[in-house]
There are 2 protein chains.
Amino acid sequence: MALSRARVVAEAIALADADGLDAVSMRSLSERLGVVPMALYKHVRNKDELVTEMVDEVVREIAPSRPSGQWKADARALLAAARAIQHSHPWAWAAIATRGSPTPAALDHMEAMIATLRGGLSAPLAHQVMHALGSRLWGFSQEVFSSAPPSDPDVAAAAAAMLAQHWPFVLESAMSATHGPDGIVGPGCDDEAEFFFAVDLILDGAERLATIP
Amino acid sequence: MALSRARVVAEAIALADADGLDAVSMRSLSERLGVVPMALYKHVRNKDELVTEMVDEVVREIAPSRPSGQWKADARALLAAARAIQHSHPWAWAAIATRGSPTPAALDHMEAMIATLRGGLSAPLAHQVMHALGSRLWGFSQEVFSSAPPSDPDVAAAAAAMLAQHWPFVLESAMSATHGPDGIVGPGCDDEAEFFFAVDLILDGAERLATIP
DNA sequence: ACCTGAACACCGTTCAAGT
DNA sequence: ACCTGAACACCGTTCAAGT
């Protein structure tokens with residue numbers, strides 16, 4: 001099969017899905033395609049453009065569900081759809097975060113979200129909500145320090161002891177249960193609950209501001 | 001002056017401040033220090049550890065102001081202090097975002113924030129708020145696609161025409177004024193207003209949840 | 001103990017050449 | 001028009017050697 005821009009980008013996404021974004025080099029990608037590195041440059045200007053194409057392709061996968069007419073429910077559904085791509089392409093957030101300006105597919109997604117918000121909010125308020133959503137618009141919440149607990153129980157115990165001595169509130173917080181709308185969900189971190197907890201704070205807050213006379 | 005871990009890290013921060021994080025390579029840094037690249041490895045295990053040390057040093061600069069006893073005001077002040085480091089070290093957010101687990105200074109900052117939130121919130125609610133703040137805890141709001149308007153007026157006009165045709169809501173939103181608590185702040189994006197708009201949405205929302213019986 | 005020099009296994013990208 | 005080969009200017013990091 002002849003090389004094409006689409007095939008280069010698709011293979012790059014497959015490689016990133018399998019081995020991470022760092023594994024995508026012009027050299028490793030060309031090898032996967034059975035071609036010499038320089039052959040890629042006929043279909044892509046440089047590596048930066050390749051990553052931008054990868055992002056565009058992945059963002060295009062965000063599938064908006066049929067609007068219900070309820071702006072808050074529709075906004076929530078759109079964010080849930082964005083969240084799905086982060087599960088199938090865990091490298092995507094890092095690639096998105098390093099893009100300068102939005103790709104066409106990204107503009108489509110932004111357009112869909114703003115249009116939805118405008119169902120209940122003024123233009124300036126919708127603008128603010130877009131900023132407040134931040135990375136959550138793309139389905140990830142930028143956890144910064146992941147704080148995934150160590151899998152080794154001995155290491156975890158040592159870490160807990162360290163926290164207890166110097167950072168008691170951090171320890172308490174790490175141990176504290178996750179609160180969902182239906183009550184206590186469980187101990188530790190529930191990504192899904194935390195994502196929508198923040199989303200609801202923002203959307204509910206915006207709704208309240210919108211209805212203030 | 002003899003090389004030391006502190007001097008290596010300080011010089012790396014100075015280099016990143018001047019030329020960006022990408023300009024910090026073991027080779028360029030060693031050249032600035034008038035030493036051969038391998039000399040750095042006596043003071044730092046590898047580049048990853050160097051960047052972690054840079055982050056720790058910068059996060060340590062976050063200066064908490066004297067607590068007022070009002071948890072919301074104190075939380076806001078702590079976030080404002082975190083925001084200041086992003087202005088003096090614009091590369092910091094990218095370095096922070098790629099660290100796996102929190103550095104000691106990061107734990108100190110988290111401890112201070114959780115302690116402040118616990119002045120008015122339950123442990124599980126404080127936990128959720130910490131997640132909801134996300135990158136804002138470190139003073140940046142992860143704007144993802146920066147959408148800084150092109151400085152060239154011709155390019156800006158062409159971009160606006162493009163938006164008008166395919167993404168009218170995005171255009172409207174880009175043009176819409178920023179809403180502060182005191183009314184319209186001005187057209188375009190006001191980073192400061194947007195940062196605290198989101199923060200207030202989160203803190204006010206949490207306060208409301210805390211006082212529900 | 002601390003710094004050096006040469007080398008290794010990688011990068012992205014250029015240029016001139018092949019077919 | 002599309003792919004190749006060799007080269008350039010970079011990386012982070014190892015190893016053995018110097019002082």
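These figures come from a predicted structure and were not determined experimentally. Below, chain A is the first sequence line, B the second, and so on; all start at residue 1.
- Every stem involving DNA chain D, taken as at least 3 paired positions in a row under the Watson-Crick or G-U wobble test at 3.5 Å, is listed here: C:4-8 with D:12-16, C:12-16 with D:4-8.
- Side-chain N or O atoms of A:Gln86 include one that pairs as donor or acceptor with a backbone N or O of A:Trp138 at under 3.5 Å.
- Between the side chain of B:His127 and the backbone N or O of A:Ser173, at least one donor-acceptor pair lies under 3.5 Å.
- A heavy-atom distance below 4.0 Å to DNA chain D is reached by these residues of residues 18-31 of chain B, ordered by number: B:Ser25, B:Met26, B:Arg27.
- The local environment of CD in A:Glu192 is crowded, with over 12 non-hydrogen atoms from other residues, nucleotides or ligands closer than 6.0 Å.
- Looking at heavy atoms from C-beta onward, B:Val24 lies out of side-chain contact with B:Ile13 at the 4.5 angstrom threshold.
- Using modelled atom types, one side-chain atom of B:Asp56 and one backbone atom of B:Ala105 make a donor-acceptor pair closer than 3.5 Å.
- Within the nucleic acid shown, B:Lys47 comes within 4.0 Å of sugar-phosphate atoms alone, with no base atom in reach, counting heavy atoms only.
- Contact check on B:Lys72 versus B:Asp200 returns no salt bridge, with no Lys/Arg side-chain nitrogen under 4.0 Å from an Asp/Glu carboxylate oxygen.
- In this structure, a donor-acceptor pair under 3.5 Å is absent between the side chains of A:His166 and B:Glu111.
- Using a 4.0 Å cutoff to heavy atoms of chain A, the contacted part of DNA chain C runs 5' to 3' from C:dC11 to C:dC15.
- Annotation: side chain of A:Ser30 is not in contact with side chain of A:Met38 (no heavy-atom distance under 4.5 Å).
- A 4.5 Å side-chain heavy-atom check between B:Leu163 and A:Leu107 finds at least one atom pair inside the cut-off.
- Shown here is A:Glu49, whose CD atom has more than 12 heavy atoms of other residues, nucleotides or ligands within 6.0 Å.
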